[in-house]
Amino acid sequence: MKKPVDCLFLFSPGSESQGSNFEYHLGSSYIISYLNSKGFNTSQFINRNPVSLKDCVKKILDFNIRIAGFSVYNSNFNTSALIAREIKRISPGTLILFGGPCPSAHSDFIMSRYLFVDACFKNESEETFLHFLSKLSENDYNYARTDFRGINGIMYRFDGRIFQNPPNRKFSINPRAVDYLDKYPSPYLNGVIPASEGYSTGILSARGCNQNCVYCNCTVLSNRSFSTHSVDRVIAELDFISRHFNNTQVLTFQDDAFTLIPQRALTICKAIIDNKIKVRLGCITRCDCVNEELLDLMKEAGFASIAFSLESANPETLRRIGK
């Protein structure tokens with residue numbers, strides 16, 4: 001029998017842009033890299049061939065998994081729930097965990113209506129997952145004998161009841177930690193995501209947003225915290241990916257706003273140029289976080305696309321939405 005996989009992460013297809021494939025997911029890959037560095041055996045489920053529900057679940061369970069961890073958005077919620085329900089029906093002992101934006105905002109709804117979901121993970125979850133798996137492993141992965149009360153950032157089902165633990169404030173309580181994200185191993189440099197998958201997965205230089213736009217979930221999900229990677233870490237990943245990358249494709253920074261700190265973006269661009277990294281780049285950002293000097297340097301560094309959020313030209317509307 002195969003060695004048990006402690007947690008198999010799944011990014012279920014759902015939206016038209018995703019097609020029917022199970023792809024790499026950047027958030028899951030960070031968690032996988034971190035957990036594996038701590039001695040756990042975790043992996044991402046990848047499948048790029050058409051598959052029925054029955055065959056999909058069989059492929060998943062063939063990994064000999066203890067836990068199925070789903071990265072859930074509104075767009076793939078129904079697909080994730082369908083697969084999770086079938087996994088639980090065939091293998092009742094397999095734990096079903098939902099994480100990502102949708103469970104972060106709607107854990108009450110999910111836990112009350114989808115009885116096959118054992119726990120929802122909210123917001124940033126590297127530390128939460130490590131704590132959760134450590135607790136389970138201490139009890140030989142016996143869920144019924146494990147005390148989850150000290151794990152912040154989860155809502156879980158236990159003995160027929162639903163429990164809500166305090167929020168995970170790991171990032172917001174470290175606002176002055178310099179390049180805090182560097183504590184988490186790189187999914188690319190550690191082989192969790194192949195470099196060739198960069199164009200469809202993207203990279204991160206920072207997480208979160210400290211702004212107050214009322215229509216956006218970025219500040220809610222990050223508790224208005226902003227955490228960064230060092231410039232050296234960003235350059236190391238870009239250099240690695242650029243050596244195994246189709247230069248006609250665009251590698252996207254998945255930061256909530258890449259130029260939120262314009263001087264930092266300027267430093268990254270200069271480092272890209274100085275290190276002669278040749279890769280087409282993309283990002284999203286705010287109009288009030290760029291200037292002509294930065295835009296010129298971004299173009300020189302290889303940025304082929306920049307998406308701006310143009311909400312309104314009306315000053316009163318902008319004031320009301322916190323812009």
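The structure presented is a predicted model; accordingly, all values stated were derived computationally and were not measured. Positions are given from 1, in the same order as the sequence printed here. Excluded from the calculations below are hydrogen atoms, water molecules and symmetry mates; all remaining heavy atoms, backbone and side chain alike, are included.
No more than 12 heavy atoms of other residues, nucleotides or ligands shown are found within 6.0 angstrom of CZ on Arg113. Annotation for Glu316: atom CD counts as buried by contact number, over 12 foreign heavy atoms lying within 6.0 Å.
Phe116 does not carry Arg85 over the face of its six-membered ring by the limits of under 6.0 Å from the centre and within 45° of the normal. With Tyr30 as the aromatic partner, Arg207 meets the cation-pi criteria of under 6.0 angstrom to the ring centre and within 45 degrees of the ring axis.
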Verdict with supporting geometry, Tyr24 and Phe11, ring pair (Phe, Tyr, Trp, His ring centres under 6.0 Å): CA-CA 7 Å; Tyr24 290 94; Phe11 182 37; over 10 Å; no
Stepwise ring pair (Phe, Tyr, Trp, His ring centres under 6.0 Å) test for Phe240 and Tyr188: CA-CA 8 Å; Phe240 175 76; Tyr188 288 103; 7.2 Å; no
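Salt-bridge check for Asp62 with Lys58: passed, with a basic side-chain N closer than 4.0 Å to an acidic carboxylate O. Ion pairing between Glu138 and Lys135 fails under the 4.0 Å rule for side-chain N and carboxylate O.
No donor-acceptor distance shorter than 3.5 angstrom exists from the side chain of Asp239 to the backbone of Ala236, with no hydrogens or angles considered. Not one N or O on the side chain of Asn275 forms a donor-acceptor pair closer than 3.5 Å with the backbone of Ile277. The main-chain N or O of Gly100 is found under 3.5 Å from a side-chain atom of Ser104 such that the two form a donor-acceptor pair. For Arg157 (side chain) and Met111 (main-chain N/O), a donor-acceptor pair under 3.5 Å exists by modelled atom type. For Asn190 (side chain) and Val192 (main-chain N/O), no donor-acceptor pair under 3.5 Å exists by modelled atom type. With Asn76 contributing its side chain and Thr79 its backbone, the two residues share no donor-acceptor pair below 3.5 Å. Remark: side-chain polar atoms of Asn165 are not paired, donor with acceptor, to backbone N or O of Gly153 under 3.5 angstrom.
There is no side-chain donor-acceptor pair under 3.5 Å between Ser125 and Thr128.
For the pair Phe253/Leu204, no side-chain contact is recorded, criterion being any heavy-atom separation below 4.5 Å from C-beta on.
Remark: of the listed residues Tyr184, Tyr34, Phe121, Phe121 is the sole one forming a ring pair (Phe, Tyr, Trp, His ring centres under 6.0 Å) with Phe129.
In summary, the aromatic rings of Phe9 and Phe70 are positioned with their centroids too far apart to meet the 6.0 Å limit.
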